[in-house]
Amino acid sequence: MDKVYNHKDVEDKHYKTWEEKGYFKPEIHPDGKPYCIILPPPNANGDLHFGHAMFTVEDILIRYHRMKGDSTLWLPGTDHAGIETQFVYEKKLQSEGKSRFDYTQEQLYQMIWEFVSESGGKIENQLRKLGFSLDWSREKFTLDPDIQKLVYQTFKQMHDDKLVYRAYKLVNYCTKDGTSFSDLEVTHEERNSPLYYIKYGPLVLATTRPETKFGDTGVAVHPEDARYKQYVGKDIEIETVLGKATIRVVADEAVDPEFGTGVVKVTPAHDFNDFEIGKRHDLLMKQVIGFDGKLNEHAGKFAGLYVKQARSAIIEEMHAKGLIEKIDEGYINRVGLCYKCKTVLEPLPLEQWFVKVESLKNEAVKAVKEGKIRIHPKSFETQYFQWLENLRDWNISRQIVWGMRIPAWRCRDCSEPKAQSAKRKTTSQNSKAINNEPIEQFSNNSEWIVTEGEKPEKCPVCSSTKLEQDSDTFDTWFSSGQWPYVTLQTAKPGDFEKFYPTAVLETAYDILRAWVSRMAMLGIYRTGEVPFKDVLFHGIVNDPLGKKMSKSKGNVINPLELIEQYGADAVRFALIYGNATGNDQSLSYPKLDAARKFTNKLWNMARFLEMKRVSSIEYQVLSIEELKKTAKNTTDREWVDKVEQLVKEITRYIDDYQFNLAAERLYEFIWHEFADKYIEDVKNRMDDNSYLILTTLYVILIKLLHPFMPFVTEEIYQKMPGHGESIMIEPWPTQ
RNA sequence: GGAUCCUUAGCUCAGUUGGUUAGAGCGUUGCAUUCACAUUGCAAAGGUCGGAAGUUCGAGUCUUCUAGGAUCCACCA
């Protein structure tokens with residue numbers, strides 16, 4: 001044996017052997033108790049980062065259960081990551097002087113498909129570098145046809161159950177990326193937005209958005225506000241930059257009498273609150289901003305201007321007409337931004353598919369309250385409940401091409417679109433802006449023909465064959481929210497029946513809402529059972545200074561480089577050691593170094609045993625019970641007891657998801673007790689019997705360590721006398 | 001506005017049913033050794049566990065209040 005453990009020589013070699021021998025498959029223990037974890041699918045087009053490296057937790061559980069003899073499945077897969085990937089691809093197009101508008105939806109989809117395929121297998125190979133014992137023969141991709149089919153079935157079923165509906169609501173719309181976003185995808189930022197006090201006939205109101213004035217269909221005051229009682233319910237005449245107009249005054253609880261003058265303009269087409277106020281008072285809806293971010297024909301001479309330009313132009317005009325009473329220049333508010341491109345999002349009225357969440361979320365909440373799903377650490381339960389309980393209906397339509405096309409068709413001959421869609425290519429030309437139409441939330445599902453993916457032959461009403469598919473795609477989370485059962489349904493026959501519900505869902509806590517809660521909702525809906533029994537959260541890995549790693553800050557550390565430098569075992573161990581479940585951590589080079597030295601220590605312990613090996617004794621594999629009987633020396637006997645105790649401790653720690661404690665205890669025991677005390681003691685009195693005890697105990701220790709440090713333990717195991725085929729299929733130590 | 005987490009040795013962090021002298025890694029100091037260990041071993045210094053009050057025979061651990069830091073959610077016309 002070399003003097004120093006060299007991870008570079010062993011890691012790829014062992015991984016290859018493990019995979020080739022089929023050790024990662026549950027069939028290794030066909031009759032064992034089923035134990036299954038579904039890997040949170042990384043972006044198919046992405047690169048390995050520390051979020052993925054934290055999946056070490058899952059590999060520990062998987063390797064532990066496999067050694068315990070369970071029929072263990074860790075199922076890998078990748079996600080098409082709709083907006084994320086399309087965004088990356090559009091940047092690529094941009095660098096080539098092209099844009100998405102140069103292609104049809106089908107062309108673009110095909111191009112992105114090829115783009116993603118080209119990087120094919122990259123992330124998978126990076127996960128292999130970490131030693132993850134994933135069953136690659138069952139790997140899935142969210143856009144696999146069989147997966148899509150199941151997702152379509154869910155949509156169809158929800159449609160039949162009246163849980164999805166088509167509605168005309170305000171959405172968060174990015175005029176640059178040309179798509180709407182769910183509430184979760186909106187980021188907020190404080191901005192300085194001057195607050196303009198504008199004269200509205202006899203009233204004065206404060207607004208930060210004077211350019212939406214043309215869409216005003218009402219003015220609201222608080223019902224108890226004595227100052228304005230005389231106006232409530234009346235139409236008042238106002239002077240505007242486009243001439244005289246009349247407008248209705250309504251009283252609504254949503255108005256804060258303390259803010260500004262206590263008077264609010266109501267623009268139902270461009271503000272979420274105003275939309276609600278408008279609904280309550282039957283105000284009309286008038287759209288003045290188009291999906292291109294420009295004012296439309298209702299803005300008169302300001303038509304064609306972008307929102308920002310229009311705002312200053314209108315203010316100038318108002319000044320000239322004496323319509324501005326004062327301006328609070330220092331006013332700061334929070335505006336919603338596109339989380340991808342930071343464009344200010346416009347609330348725009350759009351017809352979209354929504355999921356009715358009421359019954360779904362109640363079931364998801366119930367599952368946790370009744371203990372069918374247990375969340376660890378428990379403190380995250382609060383977040384889960386809070387988010388679900390306040391959840392509004394979920395907009396699942398996205399105006400992007402990289403995703404599953406929504407399987408809904410509309411007849412061009414007999415159905416009249418109530419509102420225009422944001423057309424991808426020619427937004428401004430096609431937009432017939434809404435003008436003074438009543439706000440109504442209609443769910444005329446009858447107009448739409450929903451299928452399980454196949455194109456319907458003809459319109460069931462007029463038999464026309466001119467059917468047009470909804471050009472939108474599903475929100476990525478609508479498909480990934482179904483991941484546990486769609487993967488098991490399609491991986492291998494019988495998997496679903498055997499492994500569902502899965503044992504553990506382990507992931508970073510930051511996607512609790514977006515992903516975990518949705519899997520709970522959709523999983524229970526579709527299968528009648530929870531998708532996982534335990535939810536386990538890990539924290540975020542920050543840079544060594546405690547700052548969040550981000551590309552823009554330039555402080556991203558590539559885990560592959562650390563694996564190269566320290567070895568996968570050391571990287572894994574450093575992430576687990578000294579970090580309580582669910583807590584964030586800062587990457588620590590001293591800790592990585594300590595972990596690497598630990599692999600070297602293990603190596604040299606093995607080397608010592610090899611040097612002291614007595615060739616005359618026939619090595620046998622003994623259980624702890626047998627060792628107790630075999631040990632002749634009292635001290636040796638004591639160490640058998642200590643190791644027996646350790647086995648119990650480590651087993652309990654893993655069962656309780658206290659991986660840090662298991663790792664710390666192993667480190668402490670192996671190095672500072674077993675090596676420093678026992679080996680030092682036995683060194684000078686070594687005989688055949690002591691050697692047998694020492695070696696056997698050492699093999700037990702590296703088995704306990706194997707889930708944490710798979711490579712070095714395998715390499716050492718292969719050098720031990722009387723070793724089996726592989727440490728990873730050895731039984732977990734017991735008495 | 002609401003919620004959660006963190007505050008323990010110089011630094012980074014463990015410490016999950018409250019129980020004997022509060023632990024690790026790195027760093028610091030001294031000694032030993034190159035005898036399995038690109039080193040390792042032995043030993044030492046270093047903490048009133050953010051602050052205050054309370055519950056208890058007993059609190060780093062539970063309760064309340066409070067200071068500072070981080071994150072998330074809601075969202076302001």
- prompt: With rounding to whole Å, what would you report as the distance between B:rU29 and B:rA45 at their P atoms?
  reply: 16 Å

message: Considering every strand and a 4.0 Å limit on heavy-atom distances, what is the contact class for A:Tyr331: base, sugar-phosphate, or nothing?
response: sugar-phosphate

query: Between A:Asp681 and A:Trp639, is any side-chain donor less than 3.5 angstrom from a side-chain acceptor?
result: no

query: What nucleic acid atoms does A:Val266 come within less than 4.0 Å of, heavy atoms only: base, sugar-phosphate, or nothing?
result: nothing

- prompt: Can you tell me how far P in B:rC6 sits from the matching atom in B:rA44, rounded to whole Å?
  reply: 33 Å

message: Using whole Å, what does the distance between atom P of nucleotide B:rC73 and atom OH of A:Tyr384 come to?
response: 18 Å

message: So if I define the base as every atom that isn't primed, P, OP1 or OP2, how would nucleotides 38-43 of chain B read as a B/S/- string at a heavy-atom cutoff under 4.0 Å?
response: BSSSS-

- prompt: Would you call A:Arg311 and A:Glu211 a salt bridge, using N to O less than 4.0 angstrom?
  reply: yes

- request: Find the distance A:Asn172:CG to B:rC73:C1' and express it as a whole number of Å.
  value: 15 Å

task: For A:Arg392, report the nucleic acid contact type (base, sugar-phosphate, nothing); a contact means any heavy atom under 4.0 Å.
output: sugar-phosphate

message: What's the gap between B:rU56 and B:rA67 when it is taken at their P atoms, as a whole Å value?
response: 27 Å

Distance in angstrom units between A:Tyr698 OH and B:rC37 C1', rounded: 11 Å

field: nucleotides 4-14 of chain B: protein proximity per nucleotide (B base, S sugar-phosphate only, - neither; heavy atom, under 4.0 Å)
entry: SS-------SS

task: Round to the nearest Å and state the distance from A:Glu673 atom CD to B:rA24 atom P.
output: 12 Å

- request: For A:Tyr667 and A:Ala595, indicate whether the former's side chain and the latter's backbone hold a donor-acceptor pair under 3.5 Å.
  value: no

message: Just so I know, are the side chains of A:Lys169 and A:Asn395 near enough to count as touching, which here means a heavy-atom distance under 4.5 Å?
response: no

field: Interatomic distance, A:Ile576 CD1 vs B:rG25 C1' [rounded to whole Å]
entry: 16 Å

task: Answer with yes or no whether the side chains of A:Glu506 and A:His538 bring together a donor and an acceptor at under 3.5 Å.
output: yes

- prompt: For A:Lys229, does the NZ atom have more than 12 heavy-atom neighbours from other residues, nucleotides or ligands under 6.0 Å away?
  reply: yes

- prompt: If you measure from the P atom in B:rC35 to the same atom in B:rU40, how many Å do you get, rounded?
  reply: 15 Å

query: Roughly how many Å is it from CD1 in A:Ile511 to P in B:rU71, rounded to a whole number?
result: 19 Å

task: Mind checking A:Met611 for me? I need base, sugar-phosphate or nothing, with any heavy atom below 4.0 Å counting as a touch.
output: sugar-phosphate

field: Electrostatic pair A:Arg596-A:Asp593, nearest N-O below 4.0 angstrom
entry: yes

message: Say we look at B:rU16 and B:rG23: how far apart would their P atoms be, to the nearest angstrom?
response: 14 Å

- request: Considering only atom P, compute the distance from B:rU48 to B:rG10 and round it to an integer number of Å.
  value: 8 Å

task: Determine the minimum heavy-atom distance between A:Leu345 and A:Pro347, stating which atoms define it.
output: O-CD, 3.7 Å

message: Measuring only the C1' atom in each nucleotide, how far is B:rA22 from B:rA59? A whole number of Å is fine.
response: 13 Å

statement: Stems with RNA chain B, 3 or more Watson-Crick or G-U pairs in a row (under 3.5 Å), are B:1-7 with B:67-73, B:10-13 with B:23-26, B:28-32 with B:40-44, B:50-54 with B:62-66

message: Surrounding CZ of A:Arg227 (heavy atoms of other residues, nucleotides or ligands, distance under 6.0 Å), is the total greater than 12?
response: yes

- request: May I ask you to say whether A:Asp636 pairs ionically with A:Arg685, meaning some side-chain N is under 4.0 Å from a carboxylate O?
  value: yes

- prompt: Any Lys/Arg nitrogen of A:Glu673 or A:Arg665 sitting under 4.0 Å from an Asp/Glu carboxylate oxygen of the other?
  reply: yes

query: For A:Tyr667, which contact category applies under a 4.0 Å heavy-atom criterion: base, sugar-phosphate, or nothing?
result: sugar-phosphate

query: Given A:Glu389, which of A:Arg513, A:Lys369, A:Lys361 fulfils the salt bridge (Lys or Arg N to Asp or Glu O under 4.0 Å) condition?
result: A:Lys369

A:Thr695 side chain to A:Lys612 side chain, donor-acceptor N/O pair below 3.5 angstrom: no

query: Once you round it to whole Å, what is the distance between C1' of B:rU71 and CG of A:Leu512?
result: 13 Å

- prompt: If you check the A:Arg334 side chain, which of B:rC76, B:rG2, B:rC72 turns out closest?
  reply: B:rC76

- prompt: Whole-Å distance between B:rG15 P and A:Tyr653 OH?
  reply: 10 Å

message: Counting the atoms with a prime plus P, OP1 and OP2 as sugar-phosphate, which does A:Glu610 contact under 4.0 Å by heavy atoms, base, sugar-phosphate, or nothing?
response: nothing

